[in-house]
Amino acid sequence: MSLQPFPGAGFFHDGQVSPIITAMGQRLVEEGCSQYQVGPGPAWSGADQASYAAFQRKLGFSGGDADGIPGQTSWDRLQVPSPNGGGNRVSSPAPGHGVTTAYHIPGSWSLGYHTGADYAAAEGTPCVAVLDGSISETGEDPNAYGNYLVLRSNGFDYWYCHLSQRTVGRGASVGAGQQIALVGHTGNATGPHLHFEKRPAGAGFGQDVNPNW
Ligand SMILES: [Zn+2]
């Protein structure tokens with residue numbers, strides 16, 4: 001298959017036909033951004049572009065950044081499920097909750113930017129493995145990440161931080177969608193949320209990458 005989760009801006013043009021465009025449209029409808037008359041379809045249309053522009057404005061973009069042509073940042077935030085991925089893709093590490101503080105925004109963090117994505121959710125909200133993998137590390141870091149665990153999968157480490165509780169132990173093999181922890185506010189956290197961070201496997205603090213999966 002030539003389908004890619006984000007094929008680049010050149011992919012989205014009139015006449016392009018792909019099941020991923022249908023999947024994108026369905027996500028735009030879920031986000032309340034529909035400009036469709038008859039619902040999303042597989043052929044890129046003006047309604048797709050208008051709906052995507054509404055989503056970009058919802059994210060706070062304007063001008064040329066809200067032109068309705070998917071860019072990497074908005075595409076990552078939309079989390080379009082793979083249309084040929086077997087239908088069991090985990091849409092959030094804290095199901096039912098979306099990103100409330102985005103990755104890499106500048107601010108008063110120790111590196112001057114946010115090293116992960118935050119999912120604000122009530123204390124005790126389940127956190128799930130986003131992919132099949134194993135728990136490579138667990139720990140307590142009272143001044144920063146609090147109670148945390150690390151899911152290793154496909155050459156990356158996914159850090160789940162500020163947990164109230166871990167529900168699996170180090171070394172456990174887990175499946176995508178399986179509960180592994182509960183949201184909390186341990187460590188340096190002003191309120192309950194999941195700080196979700198991605199690094200190459202074994203990489204240290206500051207070597208974070210965009211936390212997609
Ligand atoms: Zn955070």
Side-chain angles (χ1 to χ4, degrees), residues 5-6 27 31 55-56 58-61 65 71-80 89-131 133-168 170 174 176-213:
F6 182 73
R27 284 288 302 122
E31 291 288 335
F55 177 66
Q56 289 168 321
K58 180 179 173 180
L59 295 182
F61 294 121
D65 291 330
Q72 188 72 59
T73 300
S74 58
W75 186 261
D76 286 346
R77 293 285 295 277
L78 189 59
Q79 300 200 335
V80 178
R89 185 180 182 280
V90 173
S91 60
S92 169
H97 300 272
V99 173
T100 48
T101 303
Y103 173 62
H104 221 280
I105 61 171
S108 58
W109 292 278
S110 61
L111 294 180
Y113 69 91
H114 192 216
T115 55
D118 286 350
Y119 296 76
E123 186 99 9
T125 297
C127 301
V128 302
V130 293
L131 296 165
S134 63
I135 306 303
S136 60
E137 186 178 343
T138 65
E140 286 84 37
D141 180 5
N143 296 318
Y145 286 157
N147 296 338
Y148 66 88
L149 62 69
V150 179
L151 169 69
R152 182 163 293 180
S153 180
N154 294 338
F156 288 95
D157 285 343
Y158 297 86
W159 290 65
Y160 293 71
C161 305
H162 309 307
L163 306 171
S164 62
Q165 194 177 328
R166 294 182 290 267
T167 58
V168 295
R170 182 173 182 168
V174 297
Q178 179 182 340
Q179 179 182 306
I180 56 176
L182 303 178
V183 169
H185 63 280
T186 55
N188 185 14
T190 55
H193 73 279
L194 173 68
H195 173 92
F196 181 72
E197 183 165 324
K198 180 181 180 182
R199 305 176 192 166
F205 182 61
Q207 296 179 267
D208 49 273
V209 297
N210 190 10
N212 54 14
W213 64 91

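As the structure lists them, so they are numbered: ligands from 1, and atoms in each ligand from 1. It should be emphasised that the depicted structure is a prediction, and the values quoted were computed from it without experimental measurement.
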Only one of Thr138, Val130, Leu182, Val128 passes side-chain contact (heavy atoms from CB on, under 4.5 Å) with Tyr160, and that residue is Val130
Among the N/O/S atoms of His195, which is closest to the Zn ion (ligand 1)? Give the atom name. ND1
N/O/S atom of His114 inside 2.8 Å of the Zn ion (ligand 1), strictly under: yes
Just give me the atom name: the N, O or S atom of Asp118 closest to the Zn ion (ligand 1). OD1
Keeping Ser92 on the side-chain end and His97 on the backbone end, is there a donor-acceptor pair under 3.5 Å? yes
Report yes or no: do Asp208 and Tyr103 form a side-chain donor-acceptor pair below 3.5 Å? yes
If we ignore angles and hydrogens, is there a donor and acceptor under 3.5 Å between the side chains of Thr115 and Glu197? yes
